[in-house]
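See below for the structure under consideration.
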Amino acid sequence: MGIRELPPEVVAQIAAGEVVTRPGDAVKELVENAIDAVLGTSSAARPSGTIWVEIWDGGYTRIRVADDGCGISPDELPLALHRHATSKIDSAEDLQRLGSLGFRGEALAAIAAVADLSITSAIGDAAASVETVNGALGPVGAASRRQGTTVAVDRIFERLPARRKFQRAPSAESAYIGRLVQAYALAYPEIAFSLASDGRRIFSTRGAADLRGAVVTIFGPEVEREMLVLLDEREAGDGNLEVLGITGLVGSPDLHRATRNGLFFTVNRRPVDSRQLTFALEDAYTTQVPVGRHPVAIIDITVPPEELDVNIHPTKREVQLQRERLAFGILQQAVRATLGRSLGIPTIGSRPLDRSIWDRSEWSAPPSAPLFSSGSQVAGWEEQEGRPRLDGLRILGQIGLTYIICEGRAGLYLVDQHAAHERVLLERLDHRLGDQERAQLLLEPAGIAIPPALRGVAGECIEALNGLGFTAELLGESELVVRSVPAALPPKGIDRALQETLETLDAEGVRPDWRQRLAVLLSCKTAIKAGQHLEVAEMHALLRQLDEANLCATCSHGRPTAILLSHAQLEREFGRR
Ligand code: ADP
Ligand code: MG
């Protein structure tokens, strides 16, 4: 076969292959044309327009996109279907400063090369329609239509069996088109979009120019509530502020999804796919969203038109930003600032909680001072003989495997299970200093290996250990043998706790009060941990034990063991008074 020029239909089909590879590509081009048409006619009097998208069988049978935009005059209708015929740019310079989504003038021609296309359009009362059948343009016919344009695309790829064979299932294409139209609806909340598939309404936005409103109609109010306005905290006068704007909504980390379908990026309001933008955004969520899950976000980046090249990709789905790194950096900063700010707000309201059911000033009071005054700080609190009781509280459960949640007369109590147990153990150890009778004999002596570095500290504190109720001795130089442990401490895991205690003491250096320090460390290391499941009976026992403790207000590190959310506070938080 010699070299020859291809017939025009073949050239058109080859070119179409780049722009229209699937029904969704045709939808995209038609929706962009409709947006350009609608925005072209918007004014203060008529701020927004409407775009209707309907598909049948994932767009394979029929796609119809209608708008109430500027329309095409009857005499220009055939021109719209010519390759490189466009009303949107005049010169190569216009390409540098695009104000419209379309500019190449090839979409309609490309669709006509792979499907039967009909356009009906009206400007005022002047309405007309044209059709292409098998790529051949028919005559302009009379029509009646209100202002705007309807484009229908029938039996796409039917003339190209090879292309048809590699298409996705209609259901997959419907889903793709659904997300595509969502992306435009979110990018242009001032336009009312509606999407129907096989006669069923999928969603419609109101076109009220508010992104949150669009989010409600597309994703539902539950999602909208969890979306935070992106904070852009760059200072005015920052040179980057003028060249790069960033706005949008980002989901709270709790809103994560299995796919990235909740991520929408636009650059100068043009929906784009960008691996880098996705990466930058998800990076700002790391450790907040579980591994393998993805956040929800709707982000628009604005750059001067001359800094943006949209002509690098046949369907304009990818764009080139001149200052990519800057954009990614600013995006990350903004997302982090937004999420960080949201974490700072307590879930139950903007006012901080009372720090403790116990008056804060008493935390540092000497042990001999009365811990609980029956005065104002604890008024309403479950009092018995002038001091609070946790014993009578109704246990509602455990939250986060860390806090015991209970109800009492005064309100809602949260008890930190680790802090509470640590306090209980410490008091028991303190009270039974030297009480050998209360030691529990281990069935089998525990041997704790003492590495050379810990020998000094082990030798120094052995006496203090025995004073606390241990029966321990050093065997040779490298083993600590423990035959009994204080009844106050849970014997399980005591060897590990002892080893860690020695390590901590060693790291802290020499201290004169071995006994007290040992007691604090051992109570901390043997106490119930945060993250540990507790049965109701265990929670009851813990509250009872905490009642018995003298210094029950705080753990040995000074953190509160419990906090109260009083009825009065609840009423304030809920605006009841
Ligand atoms: P482009 O959008 O790149 O200009 P297209 O082939 O998509 O090229 O469209 C060709 C021309 O047809 C457009 O420039 C526009 O003048 C006209 N056109 C297409 N769709 C519409 C529409 N929905 N409303 C008004 N004019 C339209
Ligand atoms: Mg176009």
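Order of listing sets the numbers, starting from 1, for every ligand and every atom in it.
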| query | Quick one: does Cys70 get a heavy atom under 4.0 Å from ligand 1? | reply | yes
| message | When you measure from the heavy atoms of Glu29 to every atom of ligand 1, does any distance fall below 4.0 Å? | response | no
| task | Give a yes or no answer on whether the side chain of Gln167 reaches the backbone of Thr21 with a donor-acceptor pair at less than 3.5 Å. | result |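 Yes, because the side chain of Gln167 sits within donor-acceptor range (under 3.5 Å) of the backbone of Thr21.
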| message | Which of the numbered atoms in ligand 1 are under 4.0 angstrom from any heavy atom belonging to Ala37? | response |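 Checking each atom against Ala37, I get 22 (C), 24 (N), 25 (C).
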| request: Would you tell me which option among Val151, Ile72, Asp67 has the nearest heavy-atom contact to atom 26 (N) of ligand 1? | output: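 The residue whose heavy atom sits nearest atom 26 (N) of ligand 1 is Ile72.
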| said: Please state which option from Leu30, Asn33, Ile35 has its nearest heavy atom closest to atom 20 (N) of ligand 1. | reply: Asn33
| Is any N or O atom of Thr149, backbone or side chain, closer than 3.5 Å to an N or O atom of ligand 1? | yes
Checking [X] against [Y]: charged group under 6.0 Å from the ring centre and within 45 degrees of the axis?
X: Arg22; Y: Tyr176; result: yes
X: Arg179; Y: Phe264; result: yes
X: Arg164; Y: Tyr60; result: yes

| query | So which of Asp154, Ile111, Ile63 actually passes side chain to side chain contact (heavy atoms under 4.5 Å, CB included) with Leu117? | reply |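 With Leu117 as partner, Asp154, Ile111, Ile63 yield a single side chain to side chain contact (heavy atoms under 4.5 Å, CB included), made by Ile111.
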| query | If every non-hydrogen atom of Ile156 is compared with every non-hydrogen atom of Ala26, which pair is closest and at what distance? | reply |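 Closest heavy-atom pair between Ile156 and Ala26: CD1-CB, 4.2 Å.
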| request: Of the side chain and backbone of Glu106, name the one, both, or neither that has a heavy atom under 4.0 Å from an atom of ligand 1. | output: backbone
